[in-house]
Amino acid sequence: IRQCHIHDLGGGGVYLSGEHPKQPDERLFALRNTVENNFIHDGGHLFRAGCGVFLGGSASFNRILHNEICDMSWMAVHLGWSWTGLRPAYTHHNEVAYNHLHHLGNGVLNDIGGIYTLGVSPGTVLHHNLIHDVTRFERGSEGYGGWGIYLDAGSSEIRVENNVVYDTRDGSLHVHNHGHPYGNVVANNVFACSPDGVLIRNADHEPESNHVHLERNIVYNASPKMFGGNNWRKDSKFTSDNNCFWSESGPPDFYGRTFAEWQAADKDTQSIVADPGFVNAASRDFRLKPNSPALALGFKAIDLSSVGLEGPVEWTSLPGKYQHRVYEAAVPVDTWPLADDFEDYDVDEMPAGAIPDEGGAKVRITDRQAASGRQCMRFDDAADAAAWKPHWCMTFEPRESVLQMRCQVRNDPEKPASFNLEFRDWPKGETYKTGPYIQFLPDGVVRVPGGTSWKEVGKLAPGQWLTVDVELVPGENKHYNLRITRAGGDSIVADNLPMRSADFGRCSWFGFSGADTKETTFYVDSILAE
């Protein structure tokens, strides 16, 4: 697929294979294709999550070269479909190189990467790509994930080298430690200019071997923040050395540590903090001057002179004739109080705030068991799902004052569940602190954490709708009060309950999650927080 102008798209541009294959038969795979020298832009008008080039669950030995991809609401290049490093994947040995990927996100969607990978992918190399101007949905504290290169869950055995990535909303590089990823190498890249930290790492599904090795990279930011996310811990399985770090505004911050403290934890022992000597960082010219200290570390100059389109000038100059799409800024709304009775959904629709299905665990709208009106949420747990799924949550601006939340819950009488209602103090990019934490058991027992064990606060007959009232009281003696009432019957009252985390501050999240490893069901309806 060579020298095509692909634009004004309802969805994406070039798609090679769909989801994970139902049988590992290479005759059914998309193999040994070349997507080269194409100008792909202005997509996702109807299907917002359209990609410039999409390699799904069975696309290997393909080459994505010298394309210019821009003005998409989601990924420029997507590779893979397996969320874990614990099982084989069928998208591997792909090369993504010399592409110019820019002006992505457009303020529309979350969880975006210029290049995105998912699952084990031996032999895959991402090199000599120029990636910049990646945004994402943003409204107050809502929105996350405008990254440059994004090695998502299970991404393993991938090499990332000789790329230049800058001006990304949430980080030049995101290596997600979810799904037990391993064996990635990130070497000789320029990662620059991101307000939320330049290098991002989240989650703690530690593999048996090393997750990622970072070597000979230049990490540069206007702010001191070099690292973001929630897991750059000393004991976590990543290694880093021979890198050059620099901040335009003072000593760099290494995940809350000084450089000396970071090195004392056996990280970057041969790395340096020094101005790398770019030709003109303000103008985003990240070529190195001859006396750059990064060169002394072994960093090799990155030649991007042939990145993007090739051929006659009338072809290579074509992108300059198109204006970038207008950034679609989210309209500020007053979302307080929060309320949802789930009446505005279609039956069997996945409601906003629900985490995608896994192993049979899911959240759906049902019209069979509503507490009031016609509809409610149904949570189905399953044996093959993660311990915290099914899962649904609401996020909101942190509340300074008393927060009161009311909802209705019902355990299924035939397949009763263990499930949790949890409240969190969760600043963006930080580890959350838990406040109220309430667990409902199949026999009707309701319990809360009490020291090192659980404390039973009461028991109500299962199989009936319960009205749950939780009042969070801030201040020096922060606590919460709990009242659970069975329709026309008994109540549980428990006041002055302690927050689960002593450092819980302002609530910005609450949600429900299943707690079983078998098939169970519970229902939630009529949520109001004020």
Side-chain angles (χ1 to χ4, degrees), residues 105 107 110-112 134-147 150 168-178 194-204 221-234 236 247 249-250 252-258 261-262 330 332-338 352-353 355 388 391-403 405 420-437 449 470 472-476 478-480 498-513 529:
N110 295 319
D111 212 32
I112 294 165
V134 180
T135 62
R136 42 86 166 165
F137 173 82
E138 193 159 5
R139 181 171 58 205
S141 64
E142 295 180 83
Y144 73 97
W147 297 301
Y150 181 6
T168 56
R169 172 60 181 85
D170 297 300
S172 295
L173 173 73
H174 181 200
V175 286
H176 197 191
N177 191 28
H178 182 81
S194 177
D196 198 39
V198 182
L199 304 179
I200 311 298
R201 185 170 186 262
N202 287 299
D204 56 359
N221 208 1
S223 79
K225 196 168 184 180
M226 301 289 104
F227 294 88
N230 63 19
N231 188 357
W232 294 102
R233 298 191 300 267
K234 176 182 177 180
S236 193
S247 165
S249 54
D253 178 275
F254 293 83
Y255 199 54
R257 304 181 181 98
T258 65
E261 291 169 338
W262 182 254
V333 295
D334 183 7
T335 59
W336 202 258
L338 299 173
I355 298 299
W388 51 279
H391 186 91
W392 173 93
C393 64
M394 273 190 174
T395 59
F396 44 89
E397 291 297 317
R399 306 305 297 172
E400 299 280 2
S401 59
V402 172
L403 183 148
M405 182 267 204
N420 306 316
L421 169 58
E422 181 180 357
F423 295 73
R424 296 175 181 174
D425 172 4
W426 201 353
K428 185 178 296 295
E430 298 182 20
T431 301
Y432 65 80
K433 284 84 69 176
T434 299
Y437 191 91
V470 183
L472 282 70
V473 182
E476 185 175 345
K478 58 191 173 192
H479 63 276
Y480 69 98
M499 305 300 184
R500 189 177 194 186
S501 301
D503 55 351
F504 177 89
R506 302 185 303 164
C507 186
S508 59
W509 183 104
F510 63 76
F512 286 91
S513 60

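Computed from a prediction, not measured in an experiment: that's the story for all the values here.
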**OP:** State, yes or no, whether a side-chain contact exists between R233 and D204 at a heavy-atom distance under 4.5 Å.
**Re:** yes
Subject >> Considering all heavy atoms, the nearest S236-N177 contact >> reply: OG-ND2, 4.0 Å
Original post:
What distance separates L173 CG from T168 OG1, expressed to the nearest 0.5 Å?
Top reply: 9.5 Å
Original post:
Can you name the residues that form a ring-ring contact (aromatic ring centres under 6.0 Å, His included) with Y150, not counting sequence neighbours?
Top reply: Y116, W147, H174
**OP:** Quick one: list whatever passes ring-ring contact (aromatic ring centres under 6.0 Å, His included) with F137, sequence neighbours left out.
**Re:** none
Original post:
Roughly how far, to the nearest 0.5 Å, is the NZ atom of K433 from the CH2 atom of W509?
Top reply: 14.0 Å
Original post:
Can you tell me how far the CZ atom of F254 sits from the CG atom of L199, to the nearest 0.5 Å?
Top reply: 10.0 Å
Subject >> Nearest atoms (heavy-atom pairs only) where M499 meets G435 >> reply: SD-CA, 3.7 Å
Original post:
How many angstroms lie between atom OH of Y480 and atom CZ of F504, to the nearest 0.5 angstrom?
Top reply: 10.5 Å
**OP:** List the atom of S247, the atom of A222, and the distance in Å for their closest heavy-atom pair.
**Re:** OG-O, 3.8 Å
Subject >> Pair D196 + K225: basic N to acidic O under 4.0 Å >> reply: yes
Original post:
Which pair of non-hydrogen atoms, one from L421 and one from F423, has the smallest distance, and what is that distance?
Top reply: CG-CE1, 3.8 Å
**OP:** Please round to the nearest 0.5 Å and tell me the distance separating atom NZ of K478 and atom CG of D503.
**Re:** 6.5 Å
Original post:
Does any donor atom in the side chain of Y144 or D170 lie under 3.5 Å from an acceptor atom in the other side chain?
Top reply: no
Original post:
Is there a side-chain contact between M226 and W232, using heavy atoms and a 4.5 Å cut-off?
Top reply: no
Subject >> T434: which of R500, R424, E422 passes side chain to side chain donor-acceptor pair (under 3.5 Å) >> reply: E422
Original post:
Is the side chain of S508 donor-acceptor paired with the backbone N or O of P398 at a distance under 3.5 Å, no angle test?
Top reply: no
Original post:
Does the pair L472 and F510 meet the rule for a side-chain contact (heavy atoms from CB on, under 4.5 Å), with working shown?
Top reply: CA-CA 12 Å; L472 282 70; F510 63 76; over 6 Å; no
Original post:
For the residue pair H176 and N202, what are the closest heavy atoms and their distance?
Top reply: CD2-O, 3.4 Å
**OP:** Indicate the atoms forming the closest heavy-atom contact of E142 with R136, along with that distance.
**Re:** O-NH1, 3.8 Å
Original post:
Atom SG in C507, atom CG in L403: separation rounded to 0.5 Å?
Top reply: 5.5 Å
**OP:** May I ask you to decide if N231's main-chain N or O and R201's side chain share a donor-acceptor pair within less than 3.5 Å?
**Re:** yes
